Amino acid sequence: MLDQIKSLANQYSEEIISNRRHLHMHPELSFHEKKTARFVADYIRQIGLTPQEGIADTGVVVLIEGKNPESKTVALRADMDALPITEANDVPYKSLNEGVMHACGHDVHTSSLLGTAKILHALRDQFEGSVKLVFQPGEEKIPGGASLMIRDGVLQNPAPNGMFGQHVAPNIPVGKVGFREGLYMASTDEIYIKVKGKGGHGAMPEYNIDPVLIAAHLIVSLQQIVSRNAPPKIPCVLSFGKVIANGATNVIPNEVYIEGTFRTMDEVWREKAHKTMVKMAEGIAEAMGGSCEFEIRKGYPFLKNHPELTRRAKNYAIDYLGAENVLDLDIWMAGEDFAFYTQHTDACFYRLGTRNEARGIISSVHTPTFDVDEAALPLGAGLMTWLALNELKTV
Ligand SMILES: [Zn+2]
Ligand SMILES: [Zn+2]
């Protein structure tokens with residue numbers, strides 16, 4: 001079976017790459033993946049399968065049934081959205097949509113999963129159970145396409161026994177993949193603070209309430225959440241990347257705006273931290289004579305890979321690629337909406353190496369020069385097939 005999958009992945013390689021290039025040239029922003037969804041559905045029909053369209057508006061789901069299809073189901077997920085970035089790469093498949101770019105590799109995930117669909121369809125007489133392919137919208141934008149797909153029933157009829165998602169990794173050389181059991185990625189919450197004081201002449205602070213000084217105290221004090229309040233065993237990050245105090249050398253402004261991000265890996269602590277931050281900020285602002293509006297926009301939950309499923313997946317990957325090409329990943333404080341699936345079903349999110357230093361393919365995701373070594377595409381398609389078919393065999 002392994003050789004058969006590798007040979008089919010090889011055989012379909014050009015088609016998988018051409019699909020990726022088409023998607024890369026026609027990127028669409030989160031929750032606007034209309035043409036992308038149509039492209040996915042048309043390709044699925046062309047293979048001979050039946051897509052379910054319109055799930056969470058632009059999501060597409062495909063059920064590939066083997067023999068005894070109700071015995072077990074494994075789900076495989078790809079995200080389809082692009083980012084508001086202008087592509088700076090000079091490549092024949094450069095984005096044709098000005099200001100929109102597949103800079104997070106979701107074109108790779110989608111075309112790779114389309115390749116997996118074709119391989120699985122060709123092998124449908126040779127496996128037992130079903131594989132559910134999930135093409136979801138809006139990974140890059142709150143509330144996350146994954147949460148909407150779940151709301152619309154993607155994890156029912158049939159409910160998957162296990163689920164895999166793969167993501168490109170520009171820090172891992174092409175030909176290699178990475179796994180991590182247990183805690184892997186962080187919950188992400190956006191913080192918006194409006195500090196209110198009373199502006200006036202900088203020479204007469206006694207008549208004003210300085211929101212700049214209050215903001216400075218808040219930024220310093222709120223770090224206590226991480227250093228003194230967070231349980232030491234739980235990873236936790238608080239960063240403020242935007243502070244606007246738009247006065248002048250001699251003008252104290254009325255208000256200061258602060259924006260930041262709070263990330264952690266435990267839902268109980270996350271809730272507690274939210275309350276503590278608000279209480280602390282309001283108390284400090286009030287003690288200094290001002291006030292503050294503290295808004296937290298909740299993002300994705302933290303991502304925990306199911307330990308046994310991930311251990312098995314890593315071993316399947318070793319069979320497929322060799323032990324030297326399967327790496328262990330570190331905890332990463334970025335967020336990913338695949339986390340929603342991990343809350344509902346046994347799931348594993350792993351990374352697919354796309355780096356090629358010799359060819360200068362080294363840019364990070366979410367940058368205008370991001371690109372991938374396309375040799376990762378047939379590998380991603382074949383490996384996902386291999387993971388799914390092995391997992392279907394476990395009881
Ligand atoms: Zn991204
Ligand atoms: Zn991404």
Side-chain angles (χ1 to χ4, degrees), residues 20 23-24 27-33 36-37 40 56 58-59 76-89 95 97 99-114 133-149 163-172 174 177-180 184-190 237 239 241 261 263 297 299-303 305 329-342 347-355 361-374 376-377 380 384:
R20 182 257 166 169
L23 293 169
H24 195 85
E28 294 174 296
L29 291 173
S30 308
F31 303 112
H32 296 276
E33 308 88 344
T36 306
V40 166
T58 49
L76 306 174
R77 172 271 209 169
D79 39 12
M80 303 189 289
D81 55 328
L83 287 158
I85 291 175
T86 300
E87 177 153 22
N89 293 315
S95 167
N97 295 351
V100 185
M101 177 189 175
H102 268 296
C104 201
H106 299 184
D107 52 338
V108 173
H109 310 158
T110 299
S111 55
S112 165
L113 193 56
L114 289 173
L133 308 184
V134 178
F135 297 90
Q136 69 152 80
E139 192 285 321
E140 298 284 1
K141 200 168 182 182
I142 290 174
S147 71
L148 306 181
M149 295 293 281
M163 185 162 191
F164 293 104
Q166 68 177 352
H167 201 293
V168 297
N171 57 334
I172 298 177
V174 66
V177 292
F179 288 85
R180 182 181 179 86
Y184 176 37
M185 294 174 76
S187 59
T188 54
D189 300 313
E190 295 176 354
V237 167
S239 296
T261 181
R263 291 155 187 256
R297 290 185 205 158
Y300 305 152
F302 71 95
L303 192 156
N305 283 321
L329 300 169
D330 273 335
I331 275 180
W332 194 30
M333 295 308 280
E336 160 65 53
D337 84 344
F338 189 81
F340 284 111
Y341 301 116
T342 70
C348 166
F349 190 65
Y350 66 94
R351 299 196 94 82
L352 174 71
T354 51
R355 184 184 186 88
I361 302 172
I362 52 168
S363 289
S364 166
V365 288
H366 292 218
T367 65
T369 50
F370 173 75
D371 201 359
V372 302
D373 185 323
E374 289 175 322
L377 283 149
M384 265 213 151

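No experiment lies behind these values; they were computed from the predicted model shown. First listed ligand is number 1; within each ligand, the first listed atom is number 1.
- Side-chain contact check for R263 and Y300: no donor-acceptor pair (N or O, by modelled atom type) lies under 3.5 Å.
- Comment: R77 engages E336 in a salt bridge, judged by a side-chain N to carboxylate O separation of less than 4.0 angstrom.
- Judged by distance alone, the side chains of E87 and H102 never bring a donor and an acceptor atom under 3.5 Å apart.
- Put simply, the angle at the Zn ion (ligand 1) from SG in C104 to NE2 in H366 is close to 100°, to the nearest 10°.
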> Passes side-chain hydrogen bond (donor to acceptor under 3.5 Å, both in side chains), R351 versus Q166? Steps please.
Replying inline: CA-CA 5 Å; R351 299 196 94 82; Q166 68 177 352; over 6 Å; no
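- The atom name of the N/O/S atom in E140 closest to the Zn ion (ligand 1) is OE2.
- Look at H167 and the Zn ion (ligand 2): an N/O/S atom of the residue is under 2.8 Å from the metal.
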